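One structure is given here, and the rest of the page talks about it.
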There are 4 protein chains.
Amino acid sequence: MSFNTFGQMFRFTTWGESHGPALGVVVDGCPAGLTLTPEIIQRDLDRRKPGQSKFTTQRREADAVKILSGVFEDERTDGPRTTGTPISLVIENTDQRSKDYSEIRDKYRPGHADYTYHQKYGIRDYRGGGRTSARETAARVAAGAIARLVVGDVNIRASLVQVGPHKIDYANFDWEQVGQNPFFCADAKAAALWADYLDDIRKQGNSVGAVIEVVAENVPAGWGAPIYGKLSSDLAAAMMSINAVKGVEIGAGMEAASLTGIDNADQMRAGQSKPYFLSNQAGGILGGISNGDPVVVRFAVKPTSSIITPRQTVTTDNRDTDIVTKGRHDPCVGIRAVPVGEAMMACVLADHFLRHRGQTGREGAVGFHHEDI
Amino acid sequence: MSFNTFGQMFRFTTWGESHGPALGVVVDGCPAGLTLTPEIIQRDLDRRKPGQSKFTTQRREADAVKILSGVFEDERTDGPRTTGTPISLVIENTDQRSKDYSEIRDKYRPGHADYTYHQKYGIRDYRGGGRTSARETAARVAAGAIARLVVGDVNIRASLVQVGPHKIDYANFDWEQVGQNPFFCADAKAAALWADYLDDIRKQGNSVGAVIEVVAENVPAGWGAPIYGKLSSDLAAAMMSINAVKGVEIGAGMEAASLTGIDNADQMRAGQSKPYFLSNQAGGILGGISNGDPVVVRFAVKPTSSIITPRQTVTTDNRDTDIVTKGRHDPCVGIRAVPVGEAMMACVLADHFLRHRGQTGREGAVGFHHEDI
Amino acid sequence: MSFNTFGQMFRFTTWGESHGPALGVVVDGCPAGLTLTPEIIQRDLDRRKPGQSKFTTQRREADAVKILSGVFEDERTDGPRTTGTPISLVIENTDQRSKDYSEIRDKYRPGHADYTYHQKYGIRDYRGGGRTSARETAARVAAGAIARLVVGDVNIRASLVQVGPHKIDYANFDWEQVGQNPFFCADAKAAALWADYLDDIRKQGNSVGAVIEVVAENVPAGWGAPIYGKLSSDLAAAMMSINAVKGVEIGAGMEAASLTGIDNADQMRAGQSKPYFLSNQAGGILGGISNGDPVVVRFAVKPTSSIITPRQTVTTDNRDTDIVTKGRHDPCVGIRAVPVGEAMMACVLADHFLRHRGQTGREGAVGFHHEDI
Amino acid sequence: MSFNTFGQMFRFTTWGESHGPALGVVVDGCPAGLTLTPEIIQRDLDRRKPGQSKFTTQRREADAVKILSGVFEDERTDGPRTTGTPISLVIENTDQRSKDYSEIRDKYRPGHADYTYHQKYGIRDYRGGGRTSARETAARVAAGAIARLVVGDVNIRASLVQVGPHKIDYANFDWEQVGQNPFFCADAKAAALWADYLDDIRKQGNSVGAVIEVVAENVPAGWGAPIYGKLSSDLAAAMMSINAVKGVEIGAGMEAASLTGIDNADQMRAGQSKPYFLSNQAGGILGGISNGDPVVVRFAVKPTSSIITPRQTVTTDNRDTDIVTKGRHDPCVGIRAVPVGEAMMACVLADHFLRHRGQTGREGAVGFHHEDI
């Protein structure tokens with residue numbers, strides 16, 4: 001059963017509501033001996049934190065993480081290390097404004113999970129969306145920071161590549177740019193254009209969707225498993241589990257439908273010690289198993305459902321009404337989904353790394369070790 | 001662990017290689033008391049069967065299914081019923097032509113999993129791709145036929161909606177057409193056009209990708225679960241696990257990125273006994289839980305990797321070479337993926353139906369039963 | 001993967017070390033709509049709490065539980081209710097005395113997991129045994145209190161039935177007595193005798209084992225599942241997972257080996273609306289499925305390994321030494337295992353109840369509802 | 001979900017009924033590259049096979065196993081090897097005598113699962129007990145034969161140590177004797193005595209229980225996992241899942257209750273390269289993790305429920321009646337449980353070996369490899 005747990009060998013369980021006292025995550029299956037401090041996790045959390053630009057929600061949360069278990073500092077060693085036991089992380093909610101919730105208590109917000117949670121459970125914590133709030137993704141980012149330690153050399157980065165109808169120009173792609181603009185965008189020109197565009201959207205009381213691309217480099221060949229344990233399958237589940245995601249692509253993605261077999265084949269050439277690929281339509285995965293090329297995943301985030309333009313809806317007792325969702329909302333939730341996408345990639349890879357090592361006794365491909373790659 | 005098992009409460013495990021003596025599936029968790037005969041399963045298998053038109057592989061397989069367990073006919077009752085114990089299904093392979101496999105034994109076929117399986121396991125059954133052959137999907141279709149019985153009134157259908165760059169016109173969409181052409185296509189005009197197009201592709205020694213749309217109607221509101229047990233997440237994993245799939249979309253899909261919040265909101269109106277939605281951008285799923293609207297999933301299948309146009313590759317001992325993949329291959333594997341997509345939708349829904357019933361004691365939304373919908 | 005998670009449909013994940021800042025549990029899969037307050041959980045926690053008599057450790061812990069998520073009080077309803085989302089519970093550690101840990105840091109305590117954790121992980125939190133401390137069982141008791149709400153009418157009680165070689169006399173068995181003595185013992189006479197016996201043991205710097213019997217009444221027939229999902233199998237795993245447990249019995253238990261088929265058969269007679277059993281050698285479980293009779297489980301707890309009589313051991317660098325384990329230890333850890341056994345029984349039954357409801361759509365046996373029983 | 005699947009990294013799923021056409025098992029997660037032939041599996045199956053002495057059922061089954069997938073013989077290598085894909089094994093049923101089943105169709109056999117299956121599922125395959133027949137254990141033995149290959153040097157053996165009230169004398173314990181008598185008994189004298197005793201029991205139309213002891217040697221320290229993934233917990237679940245088992249013990253077992261801490265402590269001494277234990281009350285497991293000593297498990301099997309002495313029971317429509325269970329039954333099902341216990345031990349260890357390797361990157365304890373032990 002999955003519910004609120006993700007992963008098998010490296011697994012985490014998140015908990016917490018938007019307006020409860022705290023949210024958190026328990027990371028289980030993390031190998032022992034890794035140096036882990038709150039600072040390492042905080043670094044990633046700070047990238048996802050709200051209120052960092054006018055393009056994200058103005059809710060003020062420090063998102064300060066505490067480690068409650070799973071780490072031990074022996075007085076004879078040089079810092080806190082993971083012990084192989086579950087790592088419990090807690091983030092307190094500090095900016096849950098007291099307000100009148102009767103509007104969202106008695107009406108279903110279109111595009112939100114209000115209606116479906118009510119139908120399923122007959123009760124829902126309507127304050128800020130409760131469990132369905134994107135605040136839950138802070139817990140994922142915390143888990144992802146630990147996953148990064150597990151996969152070591154694997155380098156996981158992401159960029160916003162589309163906002164509304166505006167895509168980046170891959171000719172301008174430069175990872176260095178990602179930290180230089182409020183959009184985590186690798187194309188500086190696109191970022192400049194988006195700033196104006198999003199200002200307009202916000203002023204209209206509207207919102208817009210986005211596409212995020214996540215790339216993992218240095219993944220050795222061999223991670224993944226046949227059929228229903230495919231790396232691609234777990235990545236699809238991981239990304240689709242993020243709030244507001246409606247599509248997931250690996251490599252060529254939906255575009256693969258338009259390609260011919262001649263164009264789609266990633267041809268191979270003999271390398272020094274092992275073969276290499278002339279292209280990466282596969283997105284680094286063949287038959288569900290990594291091929292040594294960068295693993296490339298894209299996912300589409302729908303526009304923020306909370307907008308201040310009135311929308312038709314119904315009350316919880318099935319009467320017609322309108323709703324305007326006031327509050328502190330991201331005009332494009334896709335922006336803050338960038339570090340979340342990285343975190344989920346890290347968690348999936350950490351999980352598959354441990355599974356692969358269990359099945360084969362190797363860190364990478366059979367016959368050579370991770371470090372050889 | 002997933003490996004070769006899919007699902008939690010309704011789960012199945014497949015086994016078998018393309019050129020082994022047989023392939024099969026064990027379906028576990030199927031409720032007792034359902035009438036099940038080989039004919040019910042065969043009906044679905046026959047739709048996926050190879051060799052039914054010139055647009056699919058000419059391999060001749062009867063794909064005749066045998067039920068080895070889990071079904072019992074009490075002499076006092078009116079037919080074989082499931083007993084709640086595992087249902088073992090076997091399909092014998094009958095048309096594994098004996099041939100010289102040294103070409104694919106010693107070379108990696110681009111786009112196939114030859115290289116990655118070799119890197120992971122150090123050994124691979126190269127005959128017809130072994131375990132990675134799309135023949136495995138016959139086992140899924142068999143499991144799906146049982147899943148359909150579990151979900152009862154839920155109506156699951158699929159259509160090919162794109163072949164290469166050619167999309168259907170949704171204005172022509174008519175489910176009745178699906179059985180009338182060799183493409184499982186709901187748009188008769190598109191199907192006619194594709195016939196010519198695919199003939200060309202095949203004559204060029206080439207192949208092409210496709211997009212399949214799967215729709216489930218009569219899914220009650222409430223199926224699915226929060227966060228990592230989302231119906232959407234499991235559907236994404238299910239579709240991405242199908243051979244050659246590179247992208248999965250729910251509802252608006254990747255296109256959601258281009259929409260604004262105003263357009264994307266599925267507005268609601270009060271209905272007779274419960275509310276209804278004015279549009280279905282959500283694809284029937286909000287917050288990972290079904291909202292009562294049709295569940296709509298699309299997935300992209302890459303072009304068949306086996307083509308008779310030579311492609312550059314390497315030998316298993318890392319020397320440059322070319323390869324031409326002769327054999328009996330589908331020019332567009334996407335065609336036969338249509339019943340496979342239906343089967344995976346059925347299995348995911350059966351699983352979530354049982355989970356939902358366990359969690360809530362209800363078949364549909366809390367407060368009203370499945371039959372009320 | 002299990003690790004620190006137990007259960008499938010009703011599942012919980014525990015975390016925390018003996019001398020860390022806190023310990024806790026995340027309960028996932030709890031149905032929505034149940035009234036849950038900290039007091040309900042505290043009631044069970046207080047029964048397990050240390051320092052309640054001279055026969056348990058003198059460590060002073062309030063074991064005060066906080067609910068951080070999963071419960072919501074709508075201002076229109078009459079109290080906090082579960083919402084179907086994960087319930088996070090935290091218990092702070094308040095009495096971790098600062099002391100010199102070098103003795104247990106550098107030596108392996110016989111009977112403890114010091115050596116094996118060191119061998120597995122290469123690092124261990126040696127303060128109070130870290131993760132292996134029986135303090136972890138507080139988290140189980142908290143989860144069990146929630147599980148009791150899930151199973152409703154099912155009545156779960158336990159009694160200590162043996163301390164060292166001294167067994168209770170079942171002729172004296174009276175559930176009312178369990179709350180009247182410091183041993184949770186249903187036989188008042190045995191309890192009196194044990195008091196003297198344990199005083200002696202403690203004065204000798206020794207410790208002793210015990211047997212606990214857990215009984216669940218009002219379990220409807222039909223809970224459980226075939227073969228590897230047996231109720232008995234999950235109960236065995238549950239009890240064996242408790243610290244220091246070395247044996248688990250269902251019904252007649254190990255004694256079943258000595259019985260003949262004539263004596264062991266629980267004969268049946270026709271009852272008013274359904275049959276009943278003339279005896280309960282089966283312990284309420286046949287073929288892994290409940291038969292409607294009380295479910296009876298016993299488990300043996302080994303003597304507390306921490307004793308002040310010196311024992312031979314080795315240092316972490318493999319040199320011979322002796323060890324005396326000072327500290328505040330239970331002379332018979334079996335005593336405080338009584339509420340823990342109840343909790344694990346409750347969790348297993350809650351899990352199987354939800355699974356059964358999912359598989360069959362019924363709360364009890366097919367054809368009649370739970371309430372009919 | 002478990003149902004008919006056991007294990008996580010090394011996992012198997014069994015299927016089949018006593019009187020269906022066949023039974024079988026799918027083993028998933030077996031590492032690639034192991035030499036596997038039907039003969040290797042048959043060797044273990046033949047030990048469990050019915051009809052080998054007058055003390056087991058006279059049903060004649062060849063129990064001939066076929067391998068349908070997961071093994072590949074490359075023409076360049078020296079024999080069939082596992083490929084990492086699922087291994088499907090089938091055993092045909094050949095001696096299902098056609099007979100009149102109305103007796104067990106209309107009555108519940110005491111001690112059997114007839115009543116509980118009927119209550120749970122509303123339908124049951126009553127022929128020979130259907131799925132609940134001990135014939136299912138043939139599938140486990142087949143899986144266990146593969147598990148033995150996975151754990152390599154680990155040596156797994158079992159002996160019957162008690163039949164009815166008659167225990168072996170451990171002073172006579174000699175593994176060589178196990179193959180020399182029809183009871184798999186390591187004490188030749190006990191075996192001789194049991195022969196007479198069981199003859200008597202059988203002539204009385206009665207049956208009797210038994211205890212089996214399973215020992216695994218050469219298990220490196222470090223296998224297992226904390227809390228709910230304990231090696232001991234999984235072993236308890238494994239053994240309790242075997243038909244008719246009512247008790248499971250690790251090391252000192254239930255007897256641990258009677259011991260004092262002084263006697264129970266397995267003291268340690270410094271060895272050449274690592275410490276060793278002076279006793280093995282722990283049964284090779286501390287804190288759920290192997291300590292390098294032999295892993296010792298015992299389990300009690302209740303007497304065969306099918307006896308020819310009439311017992312009181314009820315009809316399926318709740319009327320009083322008697323039943324005599326004719327047929328070909330083992331007077332002591334415990335005998336044939338010996339190879340089954342070995343198989344379950346092998347499967348649990350194979351699973352934990354792979355999990356441990358995944359978590360730590362080591363085959364045995366951290367810092368030294370399996371082969372060093």
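It should be emphasised that the depicted structure is a prediction, and the values quoted were computed from it without experimental measurement. Labels below follow one simple rule: chain letters A, B, ... track the order of the sequence lines, proteins then strands, and each chain is numbered from 1.
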May I ask you to name which of A/T82, A/D74, A/T13 has the most heavy-atom pairs under 4.5 Å with chain C?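 The answer is A/D74.
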
Picking from A/S88, A/A32, A/G70, A/G33, which has the most non-hydrogen pairs under 4.5 angstrom with chain C?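 With the most close heavy-atom pairs to chain C, the winner is A/S88.
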
So which of C/R81, C/R105, C/R124 has the largest heavy-atom pair count under 4.5 angstrom toward chain A?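 Top option by heavy-atom pairs under 4.5 Å: C/R105.
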
Chain A contacts, top residue of C/I87, C/T85, C/V90 (heavy-atom pairs, under 4.5 Å):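 Of C/I87, C/T85, C/V90, C/T85 has the most heavy-atom pairs under 4.5 Å with chain A.
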
Not counting sequence neighbours, which residues clear ring pair (Phe, Tyr, Trp, His ring centres under 6.0 Å) with C/Y126? List them please.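 Listed in chain order: A/F72.
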
Do you know the tightest heavy-atom contact between C/F3 and A/M9?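 Nearest heavy atoms, C/F3 then A/M9: CE1-O, 3.5 Å.
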
Report yes if the side chains of A/P86 and C/R131 come closer than 4.5 Å at any heavy-atom pair, otherwise no.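 With C-beta onward as the side chain, the pair touches.
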
With the side chain counted from C-beta on, respond yes when A/T83 and C/Y121 share a heavy-atom pair under 4.5 Å apart, and no when they do not.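 Side-chain contact under 4.5 Å: no.
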
Once you round to the nearest 0.5 Å, how far does CG of A/L68 lie from CD of C/E92?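 Taking CG in A/L68 and CD in C/E92, the distance rounds to 9.0 Å.
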
Return the CG to CD distance between C/D125 and A/E73, rounded to the nearest 0.5 Å.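 Output value for this atom pair is 11.5 Å.
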
Would you mind listing every salt bridge (charged side-chain N to carboxylate O under 4.0 Å, His left out) that reaches into residues 139-151 of chain C, with sequence neighbours excluded?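 Counting only pairs at least two positions apart or across chains, the salt bridge (charged side-chain N to carboxylate O under 4.0 Å, His left out) contacts touching residues 139-151 of chain C are C/D44-C/R148, C/E136-C/R140, C/R148-C/E342.
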
